[in-house]
Amino acid sequence: MKETEALSRTALGVFRLNGQFLAVSEQLAKPAGLTAAWWQVLGAVLAEPLPVAGIARRMGITRQSVQRVADRLVADGLARYEPNPAHRRAKLVTPTEQGRAAVDRIRPGHARLAAELAAELGEAELAETVRVLERLSEALRKLEPPPET
């Protein structure tokens, strides 16, 4: 397979997969009172508070879309802004107990889906899929032009 065909097929596959993951994520998040986007932003800050720009980089989405979601999460009591000792103007986003509880309500459905995927693909193929996607993401990151200042 030619490199250009491989890249085209990969891109189309990733676009399709993204749509599938978004649809499944919406279904998993809905009973917890979240959307896929809300879950994505809350998930990014479960381990540590991050500024909006840090969430955007980690999740591969725009800073503006993260800002809109973060503002909504704060308004709904699912997250809060905290002072950032490293940057006075870029506040940190952190989940509230209500936000953590909402994410916790997603875990059983998430675990079911993980088990179903492992059964469908086999654990070795699922692990290989993770490895290849992480490697592809890292390779693309290395090829990205530096951000404009």
Side-chain angles (χ1 to χ4, degrees), residues 6-118 120-121 125-149:
L7 178 59
S8 294
R9 287 180 61 188
T10 299
L12 290 172
V14 168
F15 294 152
R16 183 175 52 251
L17 188 59
N18 182 58
Q20 291 169 310
F21 266 111
L22 286 174
V24 167
S25 296
E26 288 292 344
Q27 290 174 345
L28 290 173
K30 190 174 185 175
L34 301 176
T35 67
W38 293 13
W39 180 19
Q40 185 178 31
V41 170
L42 281 172
V45 296
L46 287 176
E48 64 176 333
L50 292 170
V52 166
I55 297 167
R57 275 191 303 277
R58 183 172 286 178
M59 294 292 141
I61 52 182
T62 67
R63 192 198 64 72
Q64 292 83 359
S65 65
V66 173
Q67 187 67 63
R68 281 192 301 272
V69 171
D71 288 345
R72 179 65 190 270
L73 290 169
V74 168
D76 287 356
L78 298 167
R80 68 178 175 275
Y81 290 116
E82 295 181 343
N84 183 349
H87 193 286
R88 208 173 26 177
R89 288 181 35 213
K91 292 184 176 133
L92 299 173
V93 179
T94 190
T96 62
E97 286 307 311
Q98 184 181 348
R100 287 183 185 281
V103 172
D104 285 343
R105 287 192 296 276
I106 296 171
R107 293 187 199 283
H110 184 266
R112 272 192 306 279
L113 178 60
E116 290 169 3
L117 280 173
E120 178 68 27
L121 294 172
E125 190 173 352
L126 181 56
E128 178 66 5
T129 300
V130 171
R131 188 193 68 72
V132 169
L133 288 172
E134 287 174 347
R135 175 68 182 105
L136 177 60
S137 179
E138 180 62 19
L140 286 171
R141 187 194 62 74
K142 287 179 180 178
L143 298 175
E144 287 177 355
E148 293 183 23
T149 54

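Note that the numbering runs from 1 along the sequence shown for the chain.
The line from CG of Leu78 to CD of Glu97 is 12.0 Å long, rounded to the nearest 0.5 Å. For the atom pair CD (Gln27) and CD1 (Ile106), the distance works out to 12.5 Å, reported to the nearest 0.5 Å.
Across every non-hydrogen atom of Val66 and Val52, the tightest pair is CG1-CG1, 3.6 Å.
Using a 4.5 Å heavy-atom threshold, the side chains of Leu92 and Pro83 count as separate.
Here Glu128 pairs with Arg131 under the side-chain hydrogen bond (donor to acceptor under 3.5 Å, both in side chains) rule; sequence neighbours left out. The side chain to side chain contact (heavy atoms under 4.5 Å, CB included) test applied to Gln20 returns Arg16, Leu17, not counting sequence neighbours. Remark: Ala101 pairs with Arg105 by the side chain to side chain contact (heavy atoms under 4.5 Å, CB included) rule, at least two apart or across chains. Not counting sequence neighbours, Glu120 has no partner by the salt bridge (charged side-chain N to carboxylate O under 4.0 Å, His left out) test. Checked against salt bridge (charged side-chain N to carboxylate O under 4.0 Å, His left out), Arg141 has the following partners two or more places apart in sequence or in another chain: Glu138. Taking the side chain to side chain contact (heavy atoms under 4.5 Å, CB included) definition, one finds that Thr10 meets it with Val14, Leu136, sequence neighbours left out. By the salt bridge (charged side-chain N to carboxylate O under 4.0 Å, His left out) test, Arg107 pairs with Asp104, sequence neighbours left out.
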List, one per line, each side-chain donor-acceptor pair under 3.5 Å for residues 32-42, sequence neighbours excluded.
| unit_1 | atom_1 | unit_2 | atom_2 | d |
| --- | --- | --- | --- | --- |
| Thr35 | OG1 | Ala37 | N | 3.4 |
| Thr35 | OG1 | Trp38 | N | 3.0 |

Please tabulate, one pair per line, all N/O donor-acceptor pairs under 3.5 Å involving side-chain atoms of residues 55-63, not counting sequence neighbours.
| unit_1 | atom_1 | unit_2 | atom_2 | d |
| --- | --- | --- | --- | --- |
| Arg58 | NH1 | Ala44 | O | 3.3 |
| Arg58 | NH2 | Glu48 | OE2 | 3.3 |
| Thr62 | OG1 | Ser65 | N | 3.1 |
| Thr62 | OG1 | Ser65 | OG | 3.0 |

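Looking at Thr96, its side chain does come within 3.5 Å of a backbone N or O of Gly77 through a donor-acceptor pair. Ser25 contributes a side-chain N or O that, together with a main-chain N or O of Phe21, makes up a donor-acceptor pair within less than 3.5 Å.
Sorted by first then second residue, the side chain to side chain donor-acceptor pair (under 3.5 Å) pairs that include residues 68-84, not counting sequence neighbours, are Gln67-Asp71, Gln67-Tyr81, Asp71-Tyr81, Arg72-Asp76, Arg80-Glu82.
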